[in-house]
Peer 1: 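Handing you a structure now.
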Amino acid sequence: AKRIGFRHYILLAEDLESYNLLRSFDEPVYISYSQSLLSGTKSEAEYGSISFQVTMAYRVEFLMRVLRGGFHFLTADMD
């Protein structure tokens, strides 16, 4: 985000390992309490699996909160 000139942004972490790594680089990052309890480290979820569906629902819930707050968003999968 910094490379393309975004000044106001937040990153969504889907696991505690990613959250801690992003925080170590002083990046603004969010992880929900329940998501942090569900996943210590990121493992690739097989497409269509329960784990995959939980991750997709987590993303949608976060994005809906952003939209309800009146903000715009740009989404990208970074792995």
Side-chain angles (χ1 to χ4, degrees):
K2 290 177 183 175
R3 283 189 211 158
I4 58 176
F6 284 3
R7 293 175 296 162
H8 306 289
Y9 64 93
I10 189 164
L11 302 171
L12 174 65
E14 294 176 356
D15 60 84
L16 199 51
E17 181 181 4
S18 297
Y19 174 82
N20 288 330
L21 178 65
L22 290 166
R23 291 292 295 172
S24 74
F25 290 109
D26 293 324
E27 291 291 346
V29 60
Y30 171 83
I31 187 170
S32 73
Y33 178 71
S34 61
Q35 188 70 12
S36 68
L37 294 177
L38 288 173
S39 60
T41 60
K42 182 153 180 140
S43 59
E44 264 196 51
E46 184 176 326
Y47 182 79
S49 68
I50 297 295
S51 179
F52 179 84
Q53 292 174 35
V54 167
T55 298
M56 293 300 106
Y58 175 63
R59 287 180 186 178
V60 170
E61 288 174 25
F62 177 77
L63 293 174
M64 289 306 297
R65 289 174 69 186
V66 170
L67 289 172
R68 285 188 198 111
F71 298 94
H72 302 281
F73 69 87
L74 172 67
T75 182
D77 196 343
M78 298 180 358
D79 62 351

Peer 1: Do you reckon F25 sits in the same ILVMFWY cluster as L22, going by side-chain contacts under 4.5 Å, direct or chained?
Peer 2: no
Peer 1: Which atoms form the tightest heavy-atom contact between A13 and V29, and what is the distance?
Peer 2: CB-CG2, 3.7 Å
Peer 1: Taking all atoms of both residues into account, what is the closest heavy-atom pair of L11 and E27, and its distance?
Peer 2: CD1-CB, 4.0 Å
Peer 1: What heavy-atom pair brings Y30 and Y19 nearest, and what distance separates the two atoms?
Peer 2: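 Heavy atoms of Y30 and Y19 come nearest at C-CD1, 4.4 Å.
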Peer 1: Kindly indicate whether the side chain of I10, heavy atoms from C-beta on, has any atom under 4.5 Å from the side chain of F73.
Peer 2: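 Of all side-chain heavy-atom pairs linking F73 with I10, none is under 4.5 Å.
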Peer 1: Which atoms form the tightest heavy-atom contact between E14 and T55, and what is the distance?
Peer 2: OE1-CG2, 3.2 Å
Peer 1: Quick check: are there more than 12 heavy atoms from other residues, nucleotides or ligands sitting under 6.0 Å from OH of Y9?
Peer 2: yes
Peer 1: Taking a hydrophobic cluster as the set of Ile, Leu, Val, Met, Phe, Trp and Tyr residues connected by side-chain heavy atoms closer than 4.5 Å, whether directly or through intermediates, do L12 and L21 fall within one such cluster?
Peer 2: no
